[in-house]
S.K.: 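Sharing a structure, written as structure tokens. Questions coming.
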Amino acid sequence: MEILIISGLSGAGKSKAASFLEDMGFYIVDTMPAAMILKFAEFCAGGNGRYDRVALVYDVRTASSFTELFEVLDKLKTMEASCRLLFLDASPETVIKRYKETRRRHPLRDGADSLEDAVRKERELMLPVKERAEFVIDTTRMSTAQLRGELLRLFDAKGAKGGMSVSITSFGFKYGLPMEADLVFDVRFLPNPFYVEELRKKTGLDQQVYDYVFRSPQTGEFMKRLQSLLDYTLPLYAEEGKTVLVIAVGCTGGHHRSVAVTHALAGYIRQAGYQVLENHRDLGRN
């Protein structure tokens, strides 16, 4: 069983982190007091694998004693569980700016002279938790996508690329561009099987058409350059937090060249470790 305790400063991104971890398969419980964590962990351990990955949000609102939290952490590590602490940090200026933008009330505002004073008090109060954490993420200059990418890198076995799926589709330019496409590649410069009588009624999924398209030196050179481009860009899209990347490959009618190239490209991207959905939009058209 894996237990991750999410803590940190108010306004540093704990809620966003929790939602991203939930997408990664963690069972999330928000604002849990330290006194309840051990009992909850025991309950999860008896759940027959239902709660194998649990993330518990712990912040200043539930902090009666950090000593109690640290004792719980020590006890959890004696159980058959992986227990780690993630701390979300941000500069005081960033936290203040976020609170002003959202108009939320800081949890320590009632006992402070100002928002700045509340942020300073919380920072001092949470310092022992930060020092105990196995992971500290400073979200000061992080976009939401970058935070997601960092969490994928730290807590998803497949890393950032496991959080992005690639949808690759063939299409015919005569029927219009796929509206959802992020990247569009035009393969109408490749030799066209349509003009070979015995291949005209076949598609790029048929071995004869596939072989005809890939027999061309232009196809080999094009694929080499396209694969090099994707080797460079796909990790960057994943790191930026892209969840679905849509690649469209087009020829005139969407039956031959684009289908063969799409099929080959889907296999290449799949071998690179990405989830791939292959589609041929216009294959059924006359």
Side-chain angles (χ1 to χ4, degrees), residues 2-26 28-32 34 37 53-63 66-67 69-70 72-73 76-77 82-109 112 114-164 235-243:
E2 180 179 1
I3 300 174
L4 179 65
I5 297 178
I6 309 168
S7 190
L9 303 181
S10 304
K14 295 189 299 297
S15 296
K16 288 180 180 177
S19 65
F20 291 142
L21 288 164
E22 185 173 25
D23 292 340
M24 293 160 54
F26 281 84
I28 306 296
V29 181
D30 200 1
T31 58
M32 177 169 281
I37 292 176
R53 306 187 85 196
V54 178
L56 311 174
V57 181
Y58 176 89
D59 61 22
V60 71
R61 292 171 293 173
T62 55
F66 292 136
T67 301
L69 172 65
F70 298 153
V72 168
L73 289 174
L76 285 172
K77 290 182 179 180
S82 167
C83 179
R84 296 178 291 179
L85 176 60
L86 166 67
F87 191 92
L88 278 296
D89 198 6
S91 70
E93 296 79 12
T94 299
V95 172
I96 291 169
K97 180 182 178 182
R98 290 173 182 172
Y99 266 96
K100 285 184 176 180
E101 288 174 348
T102 61
R103 299 185 180 180
R104 292 175 54 216
R105 188 173 184 83
H106 193 280
L108 298 184
R109 184 65 179 86
S114 63
L115 175 58
E116 183 178 355
D117 186 40
V119 171
R120 180 186 58 77
K121 285 184 177 180
E122 184 186 29
R123 196 172 194 83
E124 293 174 356
L125 186 64
M126 298 295 288
L127 184 60
V129 182
K130 179 180 178 180
E131 292 175 343
R132 180 68 183 262
E134 282 87 357
F135 307 100
V136 177
I137 299 178
D138 189 332
T139 66
T140 299
R141 294 179 176 82
M142 270 191 176
S143 66
T144 300
Q146 288 170 331
L147 173 59
R148 178 181 178 276
E150 181 65 5
L151 291 170
L152 283 166
R153 185 184 69 81
L154 291 172
F155 302 112
D156 194 295
K158 296 180 181 178
K161 68 166 62 172
M164 183 179 77
L236 297 178
Y237 279 117
E239 184 179 334
E240 184 60 24
K242 189 87 169 168
T243 55

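We use all heavy atoms of the structure for the numbers below, so side chains are in, but hydrogens, waters and symmetry mates are not. Residues take their numbers from the sequence shown, with the count starting at 1.
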S.K.: Does Gln146 reach the main-chain N or O of Ser143 with its side chain, forming a donor-acceptor pair under 3.5 Å?
M.R.: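 A pair under 3.5 Å: yes.
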
S.K.: Side chains of Arg98 and Ser10 only: does a donor on one sit below 3.5 Å from an acceptor on the other?
M.R.: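 No.
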
S.K.: Please round to the nearest 0.5 Å and tell me the distance separating atom CZ of Phe87 and atom CD of Glu131.
M.R.: 9.5 Å

S.K.: Drop me the distance from Ile37's CD1 to Ile3's CD1, to the nearest 0.5 angstrom.
M.R.: 9.0 Å

S.K.: Just do the side-chain contact (heavy atoms from CB on, under 4.5 Å) check on Leu9 and Val119 with the steps written out, would you?
M.R.: CA-CA 8 Å; Leu9 303 181; Val119 171; 5.9 Å; no

S.K.: Working to the nearest 0.5 angstrom, can you tell me the gap between Leu86 CG and Ser7 OG?
M.R.: 8.5 Å

S.K.: What's the separation between atom CD1 in Ile6 and atom CZ in Arg84, rounded to the nearest 0.5 Å?
M.R.: 12.0 Å

S.K.: Check the pair Ile28, Leu21 against side-chain contact (heavy atoms from CB on, under 4.5 Å), reporting the backbone distance first and the verdict last.
M.R.: CA-CA 8 Å; Ile28 306 296; Leu21 288 164; 4.2 Å; yes

S.K.: Nearest heavy-atom pair of Leu115 and Arg109: which atoms, and what distance?
M.R.: N-NE, 3.6 Å

S.K.: Between Leu4 and Leu56, does the side-chain contact (heavy atoms from CB on, under 4.5 Å) criterion hold? Intermediate values first, please.
M.R.: CA-CA 6 Å; Leu4 179 65; Leu56 311 174; over 6 Å; no

S.K.: Does a side-chain heavy-atom distance below 4.5 Å link Glu116 with Pro92?
M.R.: no

S.K.: Taking 4.0 angstrom as the limit, do Glu2 and Arg53 come out as a salt bridge?
M.R.: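 Salt bridge between Glu2 and Arg53, a charged N being under 4.0 Å from a carboxylate O: yes.
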
S.K.: How close do Tyr99 and Arg104 get, counting heavy atoms only, and between which atoms?
M.R.: CD2-O, 3.3 Å

S.K.: To the nearest 0.5 Å, tell me how far Lys16 NZ sits from Thr144 OG1.
M.R.: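 Lys16 atom NZ to Thr144 atom OG1 measures 3.5 Å (nearest 0.5 Å).
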
S.K.: I'd like to check the ring pair (Phe, Tyr, Trp, His ring centres under 6.0 Å) partners of Phe26; sequence neighbours left out, ordered by chain and number.
M.R.: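 Partners of Phe26 by the ring pair (Phe, Tyr, Trp, His ring centres under 6.0 Å) criterion come out as none, since no residue qualifies.
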
S.K.: Given side-chain contact (heavy atoms from CB on, under 4.5 Å), test Leu85 with Tyr58 step by step and report yes or no.
M.R.: CA-CA 10 Å; Leu85 176 60; Tyr58 176 89; over 6 Å; no

S.K.: With a 4.0 Å cut-off on N to O distance, would you call Asp89 and Arg123 a salt bridge?
M.R.: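 Counted as a salt bridge, because a side-chain N and a carboxylate O are separated by less than 4.0 Å.
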
S.K.: If you count the non-hydrogen atoms of other residues, nucleotides and ligands that lie under 6.0 Å from CD in Glu134, is the total more than 12?
M.R.: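 Yes, because the 6.0 Å sphere around CD of Glu134 holds more than 12 heavy atoms from other groups.
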
S.K.: Check whether Ser91 reaches the backbone of Thr140 with its side chain - one donor and one acceptor, N or O, closer than 3.5 Å.
M.R.: no

S.K.: Please round to the nearest 0.5 Å and tell me the distance separating atom NZ of Lys121 and atom CG of Leu125.
M.R.: 10.5 Å

S.K.: Would you mind checking if Glu124 and Arg120 are paired as a salt bridge, meaning a charged N to carboxylate O distance below 4.0 Å?
M.R.: yes

S.K.: Give me the atom names and distance for the closest heavy-atom approach of Ala34 to Val72.
M.R.: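 So the two residues come closest at O-CG2, 3.5 Å.
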
S.K.: Of all heavy-atom pairs between Ala90 and Thr139, which one has the smallest distance, and what is that distance?
M.R.: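 Closest pair (atom of Ala90, atom of Thr139, distance): CB-OG1, 3.7 Å.
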
S.K.: What are the two closest non-hydrogen atoms of Ala17 and Leu88, and how far apart are they?
M.R.: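 Heavy atoms of Ala17 and Leu88 come nearest at CB-CD2, 4.4 Å.
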
S.K.: Quick check: closest heavy atoms across Leu73 and Cys83, and the distance to 0.1 Å?
M.R.: CD2-SG, 3.7 Å

